[in-house]
Amino acid sequence: MGISLVPGWFLARQAKNIGDARNGIILGRQRLHLQGDKLGRFLRGLKRYGYNLTAEQITQEDGFTETLFSALGYPPIEALDFTDKEGAQHIHDLNEPVPDHLRERFDIVIDGGTTEHIFHIGQAIETCFHMLRPGGLMLSCVSCDGWFGHGFFQSGPDVPWRYWHHARGCEMLEVSIVPRRRPTEIVRIEDPTGKRRGGERALAGPHLLVYAARKPMEAKAYVQPIQGHYV
């Protein structure tokens, strides 16, 4: 797993929503998947979001991304994984419920493309919510459509809108899809609730779903989410 153009630029444009966050956690310690010309393209693209950085300012010798997060203005980002093979600080299988010691511990939770590989994906998403402090920021970049075989699942807009917004009461700061081959094309996705077939659309080629959600300060009564066109 790693940070490439789409998630990298998503993190850059969401940095404005960090506020006074003290800490964060990412699912799986992510490597920087940007080398050569692609790294240069990424740095040029960062200027759209007010950054003027060099390769030396965002890379580190071991290939991971803590330096990138720091350069973008994020607080210290720890990692959660089901193994300690890559140096994660927290070991937990996301197929299982969140342990008590991780509940409401982080101001930022980042899914950089992990939940799609977890068989019990709903449980993994629930864990992300419960790890956030009230007012915390959830950032997600997962496979959306046209990426057969990449993971167990491909997600649609009902995940951010019906779970994070309607079921959990989060403010949605961004819900977009981005084609992997045209990573500057950001298509905002509106709430599909009540639309015919949930605002269904067909996509050609692999796309990523990116969303940013702000957890409410006071929890609302939870009702299991259903897809928008079944409401």
Side-chain angles (χ1 to χ4, degrees), residues 3-19 21 24 26-27 45 48-49 72 74 107-116 118 121-122 124-132 135-147 150-151 153-217 219-220 222-231:
I3 302 298
S4 55
L5 291 174
V6 174
W9 286 332
F10 170 64
L11 290 168
R13 66 178 174 270
Q14 287 303 322
K16 65 181 183 294
N17 293 313
I18 293 171
I26 190 167
L27 309 185
R48 295 194 299 269
Y49 306 109
L72 294 178
Y74 282 76
D107 294 313
I108 301 172
V109 173
I110 302 169
D111 175 11
T114 294
T115 55
E116 66 214 51
I118 308 300
I121 187 172
I125 294 170
E126 287 266 284
T127 291
C128 292
F129 175 82
H130 289 302
M131 287 195 297
L132 278 174
L137 182 65
M138 174 67 190
L139 301 175
S140 180
C141 180
V142 293
S143 61
C144 173
D145 192 28
W147 210 348
H150 174 70
F153 304 100
Q154 299 175 46
S155 296
D158 279 294
V159 173
W161 282 112
R162 296 300 306 161
Y163 175 77
W164 288 96
H165 182 61
H166 290 281
R168 289 299 189 182
C170 296
E171 176 190 5
M172 303 312 299
L173 306 175
E174 178 180 346
V175 180
S176 304
I177 57 173
V178 186
R180 289 190 72 222
R181 296 188 180 93
R182 300 182 305 281
T184 60
E185 294 183 18
I186 302 167
V187 181
R188 300 297 173 115
I189 303 296
E190 298 179 357
D191 186 353
T193 302
K195 294 185 178 181
R196 184 178 180 274
R197 296 186 65 83
E200 181 183 63
R201 65 175 68 198
L203 302 173
H207 282 65
L208 292 166
L209 171 70
V210 298
Y211 62 87
R214 176 80 67 193
K215 185 174 181 176
M217 295 302 295
K220 63 172 287 184
Y222 178 69
V223 178
Q224 289 284 0
I226 60 174
Q227 281 195 275
H229 54 294
Y230 292 123
V231 173

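Residues take their numbers from the sequence shown, with the count starting at 1. Just the heavy atoms: all of them, side chains too, but no hydrogens, waters or symmetry mates, feed the values below. Just so it is clear, the model here is predicted, and its values are computed rather than measured.
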Output all residues satisfying salt bridge (Lys or Arg N to Asp or Glu O under 4.0 Å) with R48, sequence neighbours left out; order by chain, then residue number.
none
Anything under 30° is parallel, anything over 60° is perpendicular, the rest tilted; go ahead and classify W147 against H150.
parallel
Could you go step by step and tell me if R162 and T193 meet the side-chain contact (heavy atoms from CB on, under 4.5 Å) rule?
CA-CA 8 Å; R162 296 300 306 161; T193 302; 3.0 Å; yes
Under the side-chain contact (heavy atoms from CB on, under 4.5 Å) criterion, do I177 and R201 qualify, and how do the steps go?
CA-CA 11 Å; I177 57 173; R201 65 175 68 198; 4.1 Å; yes
On a heavy-atom basis, which atom in I118 and which in F153 lie closest, and how many Å separate them?
O-CE1, 3.3 Å
Donor-acceptor pair, distance only, cut-off 3.5 Å: does the side chain of K220 make one with the backbone of G169?
no
Evaluate F129 against M138 for side-chain contact (heavy atoms from CB on, under 4.5 Å), listing each step before the verdict.
CA-CA 8 Å; F129 175 82; M138 174 67 190; over 6 Å; no
Supply the atom-to-atom distance I189 CD1 to L209 CG, rounded to the nearest 0.5 angstrom.
8.0 Å
Any donor-acceptor pair under 3.5 Å linking the side chain of E116 with the backbone of S155?
no
What is the distance from atom CD1 of I18 to atom CD1 of I108, rounded to the nearest 0.5 Å?
5.0 Å
Approximate separation, where rounding is to 0.5 Å, of N17 CG and L173 CG
4.5 Å
Looking at F10 and S140, what are the two nearest heavy atoms and their distance?
CE2-O, 3.6 Å
H165 side, atom NE2; D191 side, atom CG - distance, nearest 0.5 Å:
6.0 Å
Of the non-hydrogen atoms in L72 and A15, which two are nearest, and what is the gap between them?
O-CB, 3.6 Å
Do W164 and C128 pass the side-chain contact (heavy atoms from CB on, under 4.5 Å) test, and can you show the C-alpha distance, the side-chain angles, and the key distance before you say yes or no?
CA-CA 10 Å; W164 288 96; C128 292; 4.1 Å; yes
Identify the heavy atoms of A167 and V223 that sit nearest to each other, and give their distance.
CB-O, 3.5 Å
Who passes salt bridge (Lys or Arg N to Asp or Glu O under 4.0 Å) against D107, sequence neighbours left out?
R22, R133
Looking only at atom types and distance, does a side-chain atom of S143 sit under 3.5 Å from a main-chain N or O of G113, one as donor and one as acceptor?
no
Quick one: does any side-chain atom of Y74 pair with a main-chain N or O of L11 as donor and acceptor, under 3.5 Å?
yes
Measure from the side-chain N and O atoms of R214 to the backbone N and O of C170, and report whether any donor-acceptor pair falls under 3.5 Å.
no
Check whether any side-chain heavy atom of D158 lies under 4.5 Å from a side-chain heavy atom of P192, and answer yes or no.
yes
Pairs meeting criterion side-chain hydrogen bond (donor to acceptor under 3.5 Å, both in side chains) with involvement of residues 168-178, two or more places apart
R13-E174, Q14-E174, E126-R168, Y163-R168, E174-S176, S176-R188
With rounding to the nearest 0.5 Å, note down the distance linking CD in Q154 to CG in L208.
10.5 Å
Quick check for you: to the nearest 0.5 Å, what is the distance between I26 atom CD1 and T114 atom OG1?
7.0 Å
Quick check: closest heavy atoms across I186 and Y49, and the distance to 0.1 Å?
CD1-OH, 4.1 Å
Nearest heavy-atom contact between P160 and G156 is CD-O, 3.4 Å
